[in-house]
Structure formats: C-alpha cells, structure tokens
Amino acid sequence: MNMPVRTRIAPSPTGAPHVGTAYMALFNLAFARKNGGQMILRIEDTDQSRSSNESETAIMESLQWLGIEWDEGPDKDGKFGPYRQSERKNIHAQHVQILRDKGHAYPCFCTANRLKDVRSEQMAKKETPRYDGHCLHLSQEEVENKITAGEKFVIRLKVPTDGECCFTDELRGEVKIDWKQIDHQILQKSDGYPTYHLANVVDDHLMRITHVIRGEEWISSTPKHVLLYKYFDWDTPIFAHLPLLRNPDKSKLSKRKNPTGINYYRDAGFLPEVISNYLGTMGYTLPDQREIFSIEELTQSFDIRRVSLGGPIFDLAKLKWLNGRYLREKLSEKEVVERMIDWKINSGFIQKIIPHALQRLENFSDFMPLSGFLFQDYPELELSSLIGKFDASDASKLIKTCEWELEKLAPWNRHQICKLFQNLAEKEDKKLKEILPLFFQVISGESVSLPLFDSIEILGPDLARLRLRKALEFLTSEGFGLSKKGLKSLEKDYRQKYGDRID
RNA sequence: GUCCCGUUCGUCUAGCCAGGUCAGGACACCGGGUUUUCAUCCCGGCAACAGGGGUUCGAAUCCCCUACGGGACGCCA
C-alpha cells in the first residue's frame, strides 16, 4: 500500500515569526507538493507559560504573506485534527498511559535542584549529562504513596542501558548514537502537558506524517523519537534533517546578530516572493542553477537529495540584490507602485504620522524630511550627534539595556513604550529628558523629529529593535562597544534591576 | 566536557552518489565601458576543493585519521 506523502511544519507559538520557520516550511511544502502530497501546519503550544495566541496568529499570517500554504491546520480543517497540540492533551495523556502500562515510561519525583546537581557532577566527571535513573527503581507502593501525598511528578521515558540507536537520515545516511548518550526524556511535565518529544511523535503518527523534514538541531534527539515509535509499535517516518541557517559568524541564526523576524523584512520593504526565493537558495540549487524562481518553480523540480549540508549563511547583501532584480525584472512599473502603496505609501500609514507631524508643518514639503526615517530601513548615524552629552560607552550600555527591555515589550503601543522609558530613566537614575535625545538619534538619526514614543510605535517592533542594534554596532565600530566582559556585567546588573528575564 | 553533524572562492553554490574537461555560475569586491551625477546595464579581473594518509594509471569525487566550524546535552521547541 502506498501512503500519500505528508509533511508538516510544527512551529511553537512563543515569539515573533522566524525566518527559520519559513525556511523549513518552504522545503516541507516543496517536497510534499512535488510528491503529490500534503503539508500540514501543527501548532506546538505545549509550553503553557510561553505560548500565545498572538504569536500563533502572527506566524500563520507571516507564512501566508510569504506564499507558503498548508493543506491542513488550525484554520483549515482536515481529517486529522485538531491541529493545535493544546487541544490534543487527552490524546497525549492516553498515549503516556499506554507507555506506562507497557512499562516503557515511569514517574519521577526528583526536584529541579537535584537534577541540576546530578548534571553538574556528570559534567565534572566528563560524562554526558543525563538522568541517573533515581526514580526508576521506586516500587509500585512508593510511587502510589508519593502520588497520594500530592508530590509533583513527571513521566520519563525508559531508555535501553546499552547498545546503540541506529536510524537513517535521508540526507546523511546511517546515524548511530549510543543509548548511553540518550537521556530519560521527560514525556509529560508536572502540569500534565506533554513535552515536544512525546506530542510530536504521537501527532506525527496520528496525522499520518510520512516524512519528517526538520532542522539539524533535532538529530541528537531523534533516538528518543525512534524509541517512542518502537514502543508504540508504529512505523517510523523518514527523517531528513536540513542544515540550519547561520549568522555571518557561522553560529545558528539569531536575532542578536541578524534580523530573524519575517516581519522585519516586510517592514523594511522586501517583497515576500523574494524572501521565499532567497530561502530556496539556502542549501539548495535548482537543477538548472537559475537563481530567480517562484515557490511553484522550486516545487516542480524539487529533489531533497540536492540539499547541501553545510550551514548556509544568511547574506543580507545578496537578498537585497535579489529584491532589486525583482523590482526591475519581475514587476512592471505599475506593479512596483502598487506594491509600494501596499507597503507604506498609503493614506493609512500617513494618517498615523500626521497627528504628530502637523504641529511641525508649514507646507507639505516639510513632511518628507520630517518623517522620512519612518520609511527607512535604518538611518545613518554620526557619533557626536548620537551620543550628545553622554559618554560613548555609557550610551552603549543604555542602548543595550533599552534593547533588552524593548525585546520584552508587549503589547507594542505608545503607552507601554512611554512606561518603558520612564522606568528606564528611573532605574538608571537619570531624568527622562536626559536620556531621550540619545534615543531620538538612535531611532531617527536626527535631533529634530517626531515624538519618540509615537515614532517607535509606528515603526513597529522589528524596525525599532533593529535600530538599537544598528546604533550599538555603530558605537562598536567607533571603538565604544561593549566588551564581552562589560556585556556580562551589564547583563548581571540588568537582571538585578529589571528582572531575571532576557529574551 | 560528552556525543552527533558538517567542511569547494570572503558569501550562496555547481561538480561528488555512477573517480578522468584550464574546478563552472551568482553575490560582494576591484578595474573598464555606456550614462550630464548616481544607480542600472555591459565587459573584464581577483578568488576555493581544510590538512595528512591511503585505494587507483588517475581523487574535489571512494576510505581512514587530524584540524576547524556548528548543533545537542531544559518540566523550551
């Protein structure tokens, strides 16, 4: 019997839509379509504390913006729903029970502190850190007593004590990992929700996923998944681990070093079809090596075996060049105008600006010089105007602190932004008036411009945050950046004054 | 630290699976031409098989070792 090819993209709704998600989605889509199958979108929201509806919506909208379409998902019902893992909690719990009944999983009562100690001890002894099996040997009676006493517990996966796990990666061939390297993975958290590993395997099976195409970061936990399929007595899907997108320094693509938000590219004025085209060139070339192609063209000739395994660096310069070619070659002048109107050259956007610009206008021609920075990717900076009365290294610290704060800001509106800066001034023991000129410069590149908080709101999170980063980069290039040590002590300081969370 | 994955111009890559063309294209960069400037466009240039050992008449291509890079090691995904 030939099963229809089904792939899936399984984002976690815990933040802004990420280009890495789009990258994986694109290849999953191309593969499924090429083979006459379907791609499904499944929301992996098993982390109750971090998942949000806003993020889920934003991710779906961003993928749609890029022209990536799924055949089944939370908004598009199919035969295998629901497509949101939080709505499948019972299904997961039942499957955890099956494993417990079969003796493949067991409850564990260890505290976070004990686990931490065990881990550091193992690291010190140069062993691979993993659960030591402390609760594995608890008797039935002990377990029941602890549970009735109301002790919190998790469910762990039993892992073979010796031998090795061998699985096939479609792109890399046989991969072998010692079972000794594999942790007794938690399958169900103490809040009753499953972890990724359990939910992922159960849902992939139930949703008839035939090919798991995902990031390289998952290779080392694949044995856990293989083991789960075996314990459930299910066929394993075919695995293909794609390389990870990289920063220019080759580390995994991260927002500290590169814009990673899909919305950044939208707000900075890139065409969605250029983004998906460019992502399609990451680790992949069409057989005829053409570099301008649509998702449909990518799909038509798609061959997953052509994926090259070295981690591709996301190169903004080439992306810009590609966008320029689309503007000149793929669109008519009329279309370019239309697309610009869709972007920001429209009355809706200008209306947002007018209330703040009006007091400063004498004639219309004053408008563009005043508000031009709201249409820019980022402004050019000049050292002495940027730092003003500040010491340059103090400015770096302040900007970095503000970046961390802005990273956590939600919802993104004037009121919250205002509060953020008031708080910043207070915590830094400065007057609001003293710190604002710096941020006027960071955001607008000008000393005369529109009101700061409104400008930041209009700019949106992706562009605003980028400007802080650009300012920091600029200060670094001028020799006033934060040293590694300085950053570390600033971070410590920050956690004390502003709370432990850094996004 | 342990394990896993990877390694062709600075960057994206073709070629590798089925060993045998000056290792090809694109971005960036440099130079020249077109253009009243700039940009576009055209032409040219720079520039790579990580290192070592095997197998072979012959290795970027197959095998082994080393180095380097990355990832994973969470009650995150």
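By convention in this document, chain letters (A, B, ...) are assigned in the order of the sequence lines, proteins followed by strands, and residues within each chain are numbered from 1.
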> Measure all distances between protein nitrogen or oxygen atoms and nitrogen or oxygen atoms of nucleotides 41-46 of chain B, and list the pairs falling under 3.5 Å.
from	atom 1	to	atom 2	distance (Å)
B:C41	OP1	A:R328	NH1	3.4

> Test of understanding: with side-chain hydrogen bond (donor to acceptor under 3.5 Å, both in side chains), list the residues that count as partners of A:E329, not counting sequence neighbours.
A:R325
> Could you tell me whether the phosphate oxygens of B:G15, OP1 or OP2, come under 4.0 Å of any side-chain nitrogen or oxygen in A:R306?
yes
> Which atom pair, heavy atoms only, marks the closest approach of A:Y229 to A:P237?
CZ-CD, 3.3 Å
> Between B:C46 and B:C9, how many Å separate the two C1' atoms, rounded to a whole number?
10 Å
> When both hydrogen-bonding distances must be under 3.5 Å and the geometry is Watson-Crick or G-U wobble, what is B:U55 paired with, if anything?
none
> Any strand is fair game: report the nucleotide pairing with B:C17 by Watson-Crick or G-U wobble, both distances under 3.5 Å, or none.
none
> Kindly write out the residues that satisfy side-chain contact (heavy atoms from CB on, under 4.5 Å) with A:D315, not counting sequence neighbours, or none if the list is empty.
A:Y278, A:A317, A:K318
> For residues 163-180 of chain A, which residues have at least one heavy atom under 4.0 Å from RNA chain B?
A:R172, A:V175, A:K176, A:I177
> Spell out protein contact along nucleotides 70-77 of chain B as letters: B when the base is contacted, S when just the sugar-phosphate is, - when no protein heavy atom is under 4.0 Å; keep the 5' to 3' order.
SSSBSBBB
> Protein within reach of the bases, or only the backbone? For nucleotides 59-64 of chain B, mark each nucleotide 5' to 3' as B, S or -, using heavy atoms under 4.0 Å.
------
> Suppose we define a pair by two distances each less than 3.5 Å, Watson-Crick or G-U wobble; what does B:U61 pair with here?
none
> Can you sort out the partners of A:V118 under side-chain contact (heavy atoms from CB on, under 4.5 Å), two or more places apart, ordered by chain and number?
A:R114, A:Q122, A:D132
> Any strand is fair game: report the nucleotide pairing with B:G1 by Watson-Crick or G-U wobble, both distances under 3.5 Å, or none.
B:C73
> Using both distances under 3.5 Å as the test, list the Watson-Crick or G-U wobble partner of B:G45, or none.
B:C29
> What does B:A67 pair with, Watson-Crick or G-U, if both distances are under 3.5 Å?
B:U7
> Could you give the distance separating B:A48 and B:U7 at their C1' atoms, to the nearest angstrom?
12 Å
> Tabulate atom names and distances for all N/O pairs under 3.5 angstrom spanning the protein and nucleotides 21-25 of chain B.
from	atom 1	to	atom 2	distance (Å)
B:G24	N2	A:Q289	OE1	2.8

> Report the residues that fulfil side-chain hydrogen bond (donor to acceptor under 3.5 Å, both in side chains) with A:E144, sequence neighbours left out, ordered by chain and then residue number.
A:Q140
> Counting only heavy atoms and a strict 4.0 angstrom limit, can you tell me which residues of residues 256-277 of chain A come near RNA chain B?
none
> Which residues satisfy the salt bridge (charged side-chain N to carboxylate O under 4.0 Å, His left out) test with A:E170, sequence neighbours excluded?
A:R305
> Expressed in angstrom and rounded to an integer, what is the separation of A:M282 atom CE from B:G6 atom P?
19 Å
> If the condition is side-chain contact (heavy atoms from CB on, under 4.5 Å), which residues does A:M123 pass it with, not counting sequence neighbours?
A:P129
> Run through A:R6, A:R208, A:R88, A:R8 and flag the one making a salt bridge (Lys or Arg N to Asp or Glu O under 4.0 Å) with A:D203.
A:R88
